[in-house]
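One structure is given here, and the rest of the page talks about it.
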Amino acid sequence: VQIVESGGGSVQAGDSLTLSCAVSGLTLEDYAIAWFRQVPGREREGVACITPKRHRTYIGDSVKGRATISSDNPRNTVYLQLASLGPDDTAVYYCAAERPAVCVVVLTADDGVNYWGDGTQVTVSS
């Protein structure tokens, strides 16, 4: 199984960004695919999650109203769009796959994650 994140970079406050999560070696519809983020010295935070089989989504409180998660199942890719970025959004963003595909469980307790990507850095300058 491979999970590869891309799309990170350095942006200005107020900008938008789309992160991609390319998954291979598993059947996307069997998993919940989630985005987490982590700042050094702080706990990892669940950002958003989707169940590609039914396209059900769950958005974390810290990005609610600013984040959209979607999946392109034929491409085995999940996207995270973040708008109105601020310095507090600076973090390494990780993509993860877990089953059973229950997003509320995935985002509130990441110890059940089956597979992790290596992460992509997002830096927001004020």
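None of these values were measured; they are calculated from a predicted model.
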**Test side chain to side chain contact (heavy atoms under 4.5 Å, CB included) applied to Val122 and Arg37, step by step** = CA-CA 9 Å; Val122 173; Arg37 65 186 183 184; over 6 Å; no
**Asked** So with a 6.0 Å cut-off around CD of Gln2, is the heavy-atom count from everything else above 12?
**Response** no
**Message:** Counting neighbours of CG on Asp72 that are heavy atoms of other residues, nucleotides or ligands and sit closer than 6.0 Å, is the number greater than 12?
**Reply:** yes
**Request:** Go through the steps for Val23 and Val78 under the test side chain to side chain contact (heavy atoms under 4.5 Å, CB included), then give the verdict.
**Result:** CA-CA 8 Å; Val23 181; Val78 170; 5.5 Å; no
**Item:** Side chain Ser20, main chain Ser6, donor-acceptor under 3.5 Å
**Value:** no
**Asked** Does Arg66 use its side chain to pair, donor to acceptor, with the backbone of Ala83 at less than 3.5 Å?
**Response**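 Here the side-chain-to-backbone pair exists.
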What's the shortest heavy-atom distance between [X] and [Y], and which atoms?
X      : Y     : answer
Tyr79  : Trp35 : C-NE1, 4.1 Å
Leu107 : Gly46 : CD2-CA, 3.7 Å
His55  : Asn73 : NE2-ND2, 3.9 Å

**Request:** Check Cys103, Pro52, Ser71 against Ile33 for a side-chain contact (heavy atoms from CB on, under 4.5 Å) and give me the one that passes.
**Result:**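 It is Pro52, the one option of Cys103, Pro52, Ser71 that forms the side-chain contact (heavy atoms from CB on, under 4.5 Å) with Ile33.
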**Message:** Let me check something: do Ile59 and Val106 share a hydrophobic cluster, defined by ILVMFWY side-chain heavy atoms less than 4.5 Å apart, either directly or through other members?
**Reply:**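 No; Val106 is not reachable from Ile59 via cluster members.
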**Message:** If you apply the rule side chain to side chain contact (heavy atoms under 4.5 Å, CB included), what do you find for Tyr94 with Gln38, and how did you get there?
**Reply:** CA-CA 8 Å; Tyr94 296 93; Gln38 189 167 26; 4.2 Å; yes
